[in-house]
Amino acid sequence: MASRRRFLATGLFIGAAALVGPFGVRARAGQRLAPTPAQPTGPFYPVSLPAEHDADLVRVAGAPEAAGQIVHLLGTVRDVEGATISRARVEIWQCDANGRYHHPGDRGAATTDPGFQGFGVATTDSAGAYRFRTIQPVPYPGRTPHIHVMVSGAGIRRLVTQLYVVGAPDNARDGLFARLDPSAQARLLVGFEPASGLEPGALAGRFDIVVERADS
């Protein structure tokens, strides 16, 4: 539980400066940012929210810590003009280290990991920043490693997308990823590197998100 407490108490920006993301700075005057490409919601969005759905997906009360490589996923939510968006709701969901979603529709043969939350919610702070503690995504039959992401909030258009892992060998064979043009692919790729200053043995990656205003 100590690592969970450290995560919840740590500021969003610790270590973030060392991570490189495509939208780490505001757009130049008159230059619009390209919106983050949308992706399908998929069949495994929760039927109902789990009892625990905070931003730390690696710990569930009464269970050992989740299997898998722990990662810290950080980023900001901005609009196409580069302005940060506070109080946006960021949701993520993904399979566990065994390739199973915590969803009744997942009929996979592997055992689900009781220590993995599978779904989490974070709210962006005054600087538009969010952060999750989760596991590095793994492949399962038919899909390359990915994490589903949904962003919603007052005054913005809801965005559903998926992030992918830089260098994952199955990326080129994944139908949803391969159908994107190279520019769109680049905006959905995340590289995970040692999380210096965040948590020993963990990795960190940055996924900055650009959404459209509801009135645009």
Side-chain angles (χ1 to χ4, degrees), residues 12-13 15-42 45 68-85 88 90-95 120 122 124 127-140 142-153 156-196 198 202-213 216:
L12 287 168
F13 290 111
L19 302 172
V20 178
F23 306 118
V25 297
R26 290 179 62 91
R28 295 177 182 174
Q31 179 182 17
R32 289 166 61 89
L33 298 174
T36 298
Q39 292 266 272
T41 305
Y45 183 81
Q69 170 63 59
I70 294 176
V71 300
H72 291 256
L73 179 65
L74 311 97
T76 58
V77 178
R78 299 178 182 270
D79 65 17
V80 295
E81 304 298 334
T84 57
I85 298 175
V90 183
E91 305 173 41
I92 66 170
W93 63 101
Q94 66 185 105
C95 68
T124 58
Y130 72 89
R131 178 173 156 208
F132 291 95
R133 181 172 181 254
T134 185
I135 62 169
Q136 185 165 340
V138 300
Y140 57 86
R143 291 304 315 275
T144 195
H146 62 282
I147 297 176
H148 298 266
V149 182
M150 182 184 296
V151 182
S152 58
I156 62 175
R157 295 182 182 179
R158 187 180 70 166
L159 171 72
V160 181
T161 190
Q162 298 177 34
L163 69 84
Y164 299 86
V165 180
V166 170
D170 290 331
N171 283 350
R173 296 187 292 273
D174 187 272
L176 291 177
F177 183 77
R179 73 179 59 170
L180 297 169
D181 64 54
S183 175
Q185 289 180 347
R187 298 200 298 278
L188 296 183
L189 284 169
V190 174
F192 291 101
E193 300 178 354
S196 176
L198 284 173
L203 302 178
R206 186 175 185 90
F207 184 55
D208 290 328
I209 303 167
V210 177
V211 298
E212 296 181 284
R213 295 286 182 176
S216 62

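Since this is a predicted model, take the numbers as computed values, not measurements. We use all heavy atoms of the structure for the numbers below, so side chains are in, but hydrogens, waters and symmetry mates are not.
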Practice task
Would you please name every residue forming a side-chain contact (heavy atoms from CB on, under 4.5 Å) with Ala184, sequence neighbours left out?
Solution key: Pro37, Leu180, Asp181, Arg187
Handout entry: 4.5 Å side-chain heavy-atom contact, Val210 and Arg32
Key = no
Exercise for the section: Look only at the side chain of Thr36 and the backbone of Ile209, and say whether a donor-acceptor pair between them is shorter than 3.5 Å. Expected result: no
Fill in the blank from the handout: All heavy atoms of Pro137 vs all of Pro145, minimum pair found to be O-CB, 3.4 Å
Fill in the blank from the handout: The side-chain contact (heavy atoms from CB on, under 4.5 Å) partners of Arg158 (sequence neighbours excluded) come to Met150, Ser152, Val160
Practice task
Using modelled atom types only, decide if a donor and an acceptor are shared between the side chain of Glu212 and the backbone of Val80 within a distance under 3.5 Å.
Solution key: no
Practice task
Kindly determine whether Arg213 and Ile85 satisfy side-chain contact (heavy atoms from CB on, under 4.5 Å), including the steps that lead there.
Solution key: CA-CA 10 Å; Arg213 295 286 182 176; Ile85 298 175; 3.8 Å; yes
Exercise for the section: Test Thr76 against Arg206 for side-chain contact (heavy atoms from CB on, under 4.5 Å), laying out the working first. Expected result: CA-CA 9 Å; Thr76 58; Arg206 186 175 185 90; 3.5 Å; yes
Exercise for the section: I would like to know whether Arg143 and Asp174 meet side-chain contact (heavy atoms from CB on, under 4.5 Å); could you show each step before the answer? Expected result: CA-CA 6 Å; Arg143 291 304 315 275; Asp174 187 272; 2.6 Å; yes
Exercise for the section: May I ask you to decide if Ile135's main-chain N or O and Gln94's side chain share a donor-acceptor pair within less than 3.5 Å? Expected result: yes
Handout entry: Side chain to side chain, Val165 and Gln136, heavy atoms closer than 4.5 Å
Key = yes
Practice task
Name the orientation class of the two ring planes belonging to Trp93 and Tyr45 (parallel below 30°, tilted from 30 to 60°, perpendicular beyond 60°).
Solution key: perpendicular
Practice task
Any chance you could lay out the ring pair (Phe, Tyr, Trp, His ring centres under 6.0 Å) test for His72 and Phe192, step after step, and finish with the verdict?
Solution key: CA-CA 9 Å; His72 291 256; Phe192 291 101; over 10 Å; no
Practice task
Might you work through the side-chain contact (heavy atoms from CB on, under 4.5 Å) test for Phe132 and Val90, ending with a clear yes or no?
Solution key: CA-CA 10 Å; Phe132 291 95; Val90 183; 3.7 Å; yes
Handout entry: Side chain proximity check, Leu163 to Val149, heavy atoms < 4.5 angstrom
Key = yes
